[in-house]
Amino acid sequence: MSINILYFGMLAEISGQANEHLAGKENMTVNDLKGQLFEKYPEMREKKFKIAVNQKIGDDETIIPLSAEIALLPPFAGG
Amino acid sequence: MSINILYFGMLAEISGQANEHLAGKENMTVNDLKGQLFEKYPEMREKKFKIAVNQKIGDDETIIPLSAEIALLPPFAGG
Amino acid sequence: MDKIHKPKKVFVPGAISPQFVADSIAKHQSKTNIGAHAIFLGQIRADEKAEGHVTGIEYSAYEEMAEQTFHEIREDAFTKFDLICMHIYHSIGLVPTGEISLFVFVSSAHRRAAFEASEYIVEQIKTKVPIFGKELVGPAGEYIWKENK
Amino acid sequence: MDKIHKPKKVFVPGAISPQFVADSIAKHQSKTNIGAHAIFLGQIRADEKAEGHVTGIEYSAYEEMAEQTFHEIREDAFTKFDLICMHIYHSIGLVPTGEISLFVFVSSAHRRAAFEASEYIVEQIKTKVPIFGKELVGPAGEYIWKENK
């Protein structure tokens with residue numbers, strides 16, 4: 001299972017890319033994914049961001065479905 | 001003493017003019033003036049209006065100063 | 001200009017055009033401390049009356065008192081809200097249905113002041129300014145004197 | 001058109017011009033059940049930062065989710081308030097200081113619905129829509145990521 005992750009704003013700067021595929025596993029939660037991301041990008045630990053799973057904001061317990069689109073969203077600045 | 005009275009909106013229709021001079025007396029109140037007006041224009045009795053004395057809304061007890069500008073103001077419709 | 005709060009001419013003959021609104025907005029783009037504009041526009045409705053549809057409103061006013069009252073509303077709003085700019089325009093004379101008769105334009109650094117001031121000013125105008133309106137109805141040109149609620 | 005509430009394109013490249021606002025207003029003059037328009041405009045401030053003045057904001061967005069969220073905000077506002085029309089436009093890409101990046105336009109028969117909806121929609125946009133902004137500061141083109149409060 002491979003997860004497609006989109007990075008926005010300062011999180012794209014940290015990852016150095018707009019999106020990438022990470023290895024995932026069945027019944028993986030948002031919290032599990034965060035663990036992976038923090039290992040790969042330690043700088044993200046200090047950043048405030050939300051995670052959208054298929055365009056809905058998830059919390060740590062949200063299960064990531066197969067072939068989900070995940071997005072890392074830094075604080076909103078619209079308006 | 002003569003009072004200059006301005007009529008607006010439907011009150012100008014009732015009086016048939018935009019302004020006129022009425023005889024007044026010293027220490028006359030707005031209520032006294034209303035009495036004169038109602039005698040001259042009985043139709044005004046049924047109308048809702050405010051009276052401005054020198055461009056300030058007065059109440060029945062307001063004294064009308066010498067050479068005041070009096071205005072009969074029907075309900076406001078601005079906006 | 002705006003800091004002195006000089007009495008400004010509020011009444012404009014006939015309808016207020018969208019282009020006039022655009023020009024007012026454009027004039028504020030050099031004021032780079034502004035972050036929020038709130039604009040209120042009053043438009044003439046074709047309300048259905050017993051005599052027919054409203055085709056327009058003919059506005060008249062006790063102009064000297066009205067301009068003075070507009071000035072007091074301005075001063076009061078500048079005291080109450082943290083505003084950078086404020087402009088009020090009201091039609092005098094005939095405004096046909098679908099056209100704009102009131103334009104209230106407030107600008108502030110942050111949105112809250114603009115929202116609050118916009119609403120406050122419109123309510124003040126409706127209740128305090130001696131403006132009178134004849135609603136013209138039906139093809140025969142009958143009319144009804146309008147009254148704000 | 002407005003009754004179906006089809007998803008509408010919200011993002012516009014670069015600044016929103018006063019002329020665009022005027023054209024939007026003009027399009028509503030044939031809707032003679034409208035009595036009140038409330039317009040909110042967000043303008044880019046030249047805020048002073050340690051690195052210098054803000055010269056503009058570069059907006060980016062998670063566009064698919066943002067358009068969907070705008071659509072939900074629209075639907076929600078139509079349910080909550082007695083509105084006739086609603087239009088939302090937001091800039092994407094660079095908007096220089098003094099220019100407009102947000103245009104929220106609501107129309108109703110009576111003023112209350114327009115005032116309430118305008119404020120509600122702007123607050124919803126600020127907190128719910130995934131739009132990101134880089135504040136460009138100083139002559140060297142440094143930047144700070146903006147965050148709504």
Side-chain angles (χ1 to χ4, degrees), chain C residues 15-48 53-57 84 96-112 114-116 118-123 125-126 148-149, chain D residues 15-48 53-57 84 96-112 114-116 118-123 125-126 148-149:
Chain C
I16 295 162
S17 70
Q19 194 56 51
F20 184 84
V21 176
D23 294 345
S24 299
I25 296 168
K27 280 180 199 153
H28 289 76
Q29 303 206 294
S30 58
K31 300 204 175 185
T32 56
N33 52 341
I34 292 174
H37 301 290
I39 291 173
F40 179 84
L41 303 173
Q43 185 169 298
I44 310 297
R45 285 192 313 273
D47 281 354
E48 180 83 46
H53 279 100
V54 172
T55 62
I57 296 182
I84 294 166
T97 286
E99 305 272 328
I100 291 161
S101 60
L102 173 62
F103 171 27
V104 174
F105 184 14
V106 289
S107 310
S108 55
H110 302 283
R111 64 190 181 280
R112 178 109 336 265
F115 280 129
E116 290 177 2
S118 178
E119 192 162 348
Y120 179 81
I121 292 164
V122 173
E123 298 303 327
I125 291 170
K126 296 253 178 192
N148 283 341
K149 278 164 225 138
Chain D
I16 295 161
S17 70
Q19 194 56 51
F20 183 86
V21 176
D23 294 345
S24 299
I25 296 167
K27 280 179 199 154
H28 290 75
Q29 303 205 294
S30 58
K31 302 206 175 187
T32 55
N33 52 343
I34 292 173
H37 301 290
I39 291 174
F40 179 84
L41 304 172
Q43 183 168 299
I44 310 296
R45 285 193 311 274
D47 281 354
E48 180 83 47
H53 280 99
V54 172
T55 61
I57 296 183
I84 295 167
T97 288
E99 304 271 329
I100 291 160
S101 59
L102 173 62
F103 170 27
V104 174
F105 184 14
V106 290
S107 309
S108 54
H110 302 281
R111 63 192 183 279
R112 179 111 334 267
F115 279 128
E116 289 177 2
S118 178
E119 191 161 349
Y120 180 80
I121 292 164
V122 173
E123 298 303 327
I125 292 170
K126 297 253 179 193
N148 282 343
K149 276 165 227 138

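Any value given below was found using the heavy atoms of this structure, including those in side chains, with hydrogens, waters and symmetry copies removed. Residue numbers start from 1 in every chain, and the chains themselves are labelled A, B, ... in the order their sequence lines are given, proteins ahead of strands.
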Given a strict heavy-atom distance threshold of 4.5 Å, which part of D:K149 is in contact with chain C: side chain, backbone, both, or neither?
->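 Only the backbone of D:K149 comes within 4.5 Å of chain C.
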
Tell me, side chain or backbone of D:V54 under 4.5 Å from chain C's heavy atoms, or both, or neither?
-> neither

Are C:I39 and D:V21 close enough that some pair of their side-chain heavy atoms sits under 4.5 Å apart?
->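 No. Closest side-chain heavy atoms not under 4.5 Å.
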
Side-chain contact test, heavy atoms from C-beta onward, threshold under 4.5 Å: evaluate it for D:F40 versus D:I121 and give yes or no.
-> no

Who in residues 104-112 of chain D is close to chain C, using a strict under-4.5 Å heavy-atom cut-off?
-> D:A109, D:H110, D:R111, D:R112

Could you point out which residue of C:I100, C:I44, C:T97 forms a side-chain contact (heavy atoms from CB on, under 4.5 Å) with D:Q29?
->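 Option passing the side-chain contact (heavy atoms from CB on, under 4.5 Å) with D:Q29: C:I100.
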
Out of curiosity, D:Q43 CD to C:H28 NE2, how far, rounded to the nearest 0.5 Å?
->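 Rounded to the nearest 0.5 Å, the CD-NE2 separation comes out at 8.5 Å.
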
Interatomic distance, D:H37 atom NE2 to C:L102 atom CG [nearest 0.5 angstrom] | 11.5 Å

What residue in [options] has the most heavy-atom pairs under 4.5 Å with chain D?
| options | result |
| --- | --- |
| C:S101, C:G35, C:A22 | C:G35 |
| C:D47, C:D23, C:I34, C:N33 | C:I34 |
| C:S17, C:S24, C:A26 | C:A26 |
| C:K126, C:E123, C:R45 | C:R45 |

Please report the shortest heavy-atom distance between D:A38 and D:A114, naming the atom on each side.
->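 Shortest heavy-atom contact: CB-O, 3.6 Å.
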
